There are 2 protein chains.
Amino acid sequence: MVKKSLKKSHATRRREEALSRDRIIEAAIAILDSSGEDGLTFRTLSERLATGPGAIYWHIANKSELLTAACDAIVARTMNAPLVGATPEATIRALALGMFDAIDAHPWVGSALTRAPGQLPMVRILEAIAQQVRALGVPDQEQWATVGALLNYILGVGGQNAANGQLARTRGVDRSDFLEAVSTAWSQLDPDQYPFTRSVAGQLRAHDDRMDFLAGIDLILRGIRGLRTDRIDLV
Amino acid sequence: MVKKSLKKSHATRRREEALSRDRIIEAAIAILDSSGEDGLTFRTLSERLATGPGAIYWHIANKSELLTAACDAIVARTMNAPLVGATPEATIRALALGMFDAIDAHPWVGSALTRAPGQLPMVRILEAIAQQVRALGVPDQEQWATVGALLNYILGVGGQNAANGQLARTRGVDRSDFLEAVSTAWSQLDPDQYPFTRSVAGQLRAHDDRMDFLAGIDLILRGIRGLRTDRIDLV
DNA sequence: ACCTGAACACCGTTCAAGT
DNA sequence: ACCTGAACACCGTTCAAGT
């Protein structure tokens, strides 16, 4: 792997505050935001905190826990953003969009979320959605599948966004350059084998990720509405 | 990171077939299946192929390309499995279940898929789903969002499955031990803050992942059916 | 053209030693 | 109790040298 080794700019000035779990997580978030997942290292982190790599282990068990904690800080902020008295459907859309925007602003959150199944960050999302699903009147036995559908869709889009951001960063191109490249590659696919992919290659550059994301949420919400009124009548 | 260094059992016997991209990918899949993502190294791989780490770089650009190629081999098999003349909805369910089972059997496929957005493995799934969505009669302007919803849901579940498998492997416990641990953790959450999560903690151990997955697909399919008949009438 | 394997520039993590 | 930083056991990748 090729890494550019950015020299430390301000020598090793002494730290003026004591180390703490919170300060470490805050520093980790700053590095993740500016340098991506590959940029976060116990060495870069300890340098920013003006300490040694070993010191961090006094406060945090390992890198996985660090990533999950950083992710949870972002998710907690997002899910606790207070919502005015809206309908359950509107609230679900707002929660989902909130996560979309959070992952857009911090792409590493998408993959951290996936790498910590069943952990607190995911539970926060699960719970917030579930409360709205209940308010929607979805029968008890269907709630788990319903919440799961919404959650997994959000995770899927999030992971995708994280990967886009990651790729764009490592190649030193921005997001639109990346989409441009994918669009070009898709337009060169065999028209017999990949008719649909080819036909949407052009739209790819122009399309609005956020609107597409919401369209997916609405599709699932429409399916949920069907759940409430009809019985299940699948082929 | 703690790694157990399993000694090579059969010394360095000479390779009897020439190296090739296909042989490398095949060996990579075998290692990924048996030792997970962390187990795949240019050193373990070259050892299994009875060569040096550098030799692999003659056939494959880097580890990312290797992972994507291994993923694509699995996805291609899965998407090319011929289906008897079924309805578009039944075909979508079969395709989705096919991917679920493939990721269940090869958990690393889930994360490889997410790490290679817009690449061939994903395009194969996209295209196969899109053709059924078209056959379903979804209007042109809605197709992209519809395909996206299905694809992202599958990716979300897949990523989750991959993470479960990965966690279970690194901790040396099996899947049910892992679910047991999550279930216990969830049942100890604050009932005021996490009522839903607590209430489903018990179900977690007993539930059937595959059925839940399918229920999510059905929810989206129901939403798609609404798309065809009604106009969009969201709040 | 294809392969070898030592070497480079990194990692996460540990731990004896300090304060 | 908390921190230091060298050391350990790895990585992915490169490349001069071989066939």
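From a predicted model like this one, the values you see are computed outputs, not experimental measurements.
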Using whole Å, report how far [atom1] of [X] lies from [atom2] of [N].
| X | N | atom1 | atom2 | value |
| --- | --- | --- | --- | --- |
| Glu47(A) | dG5(D) | CD | P | 13 Å |
| Ile60(A) | dG12(C) | CD1 | C1' | 14 Å |
| Asp38(B) | dC11(D) | CG | P | 9 Å |
| Ile24(A) | dC3(D) | CD1 | C1' | 11 Å |
| Leu45(B) | dG12(D) | CG | P | 10 Å |
| Phe42(A) | dA6(D) | CZ | C1' | 17 Å |

For this session: Going by the side chain to side chain contact (heavy atoms under 4.5 Å, CB included) test, name the single residue among Leu67(B), Thr114(B), Ile103(B) that passes it with Val109(B).
Result: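 With Val109(B) as partner, side chain to side chain contact (heavy atoms under 4.5 Å, CB included) holds for just one option, Ile103(B).
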
[Y] side chain reached by [X] side chain, heavy atoms, under 4.5 Å:
| X | Y | result |
| --- | --- | --- |
| Leu167(A) | Val173(A) | no |
| Asp209(B) | Asn161(B) | yes |
| Gln160(B) | Leu151(A) | no |
| Pro195(A) | Glu127(B) | yes |

Exercise. Do Asp174(B) and Ser176(B) pass the side-chain hydrogen bond (donor to acceptor under 3.5 Å, both in side chains) test, and can you show the C-alpha distance, the side-chain angles, and the key distance before you say yes or no?
Worked result: CA-CA 6 Å; Asp174(B) 71 1; Ser176(B) 71; 3.2 Å; yes

Exercise. Given that Pro53(B) and Lys63(A) both sit by DNA chain C, which one's nearest nucleotide is further toward the 5' end?
Worked result: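 The answer here is Pro53(B).
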
Exercise. Closest to the Leu19(A) side chain: dC3(D), dC8(C), dG12(C)?
Worked result: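 Ranking dC3(D), dC8(C), dG12(C) by closest atom to the Leu19(A) side chain puts dC3(D) first.
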
Exercise. Taking the side chain of Thr41(A) as its heavy atoms from C-beta onward, which of dG12(D), dG12(C), dA1(D) lies nearest to it?
Worked result: dG12(C)

Exercise. Quick one: is dC3(C) close enough that its OP1 or OP2 comes under 4.0 Å of any side-chain N or O from His59(B)?
Worked result: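 Checking dC3(C) against His59(B), a side-chain N or O does come within under 4.0 Å of OP1 or OP2.
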
Problem set entry | Phosphate-side-chain proximity, Trp58(A) and dC3(D), N/O vs OP1/OP2 below 4.0 Å | no

Problem set entry | Nearest-nucleotide 5' precedence on DNA chain D, Tyr57(B) against Gly54(A) |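 In this pair, the answer is Gly54(A).
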
For this session: Could you tell me if the ring centre of Tyr153(A) sits under 6.0 Å from that of Tyr153(B)?
Result: no

Exercise. Contact class for Ile56(B) vs. all strands (heavy atom < 4.0 Å): base, sugar-phosphate, or nothing?
Worked result: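 Result for Ile56(B) = nothing.
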
Problem set entry | Base-paired stems that DNA chain D participates in, counting runs of 3 or more Watson-Crick or G-U pairs under 3.5 Å |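 Stem segments, range with range: C:4-8 with D:12-16, C:12-16 with D:4-8.
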
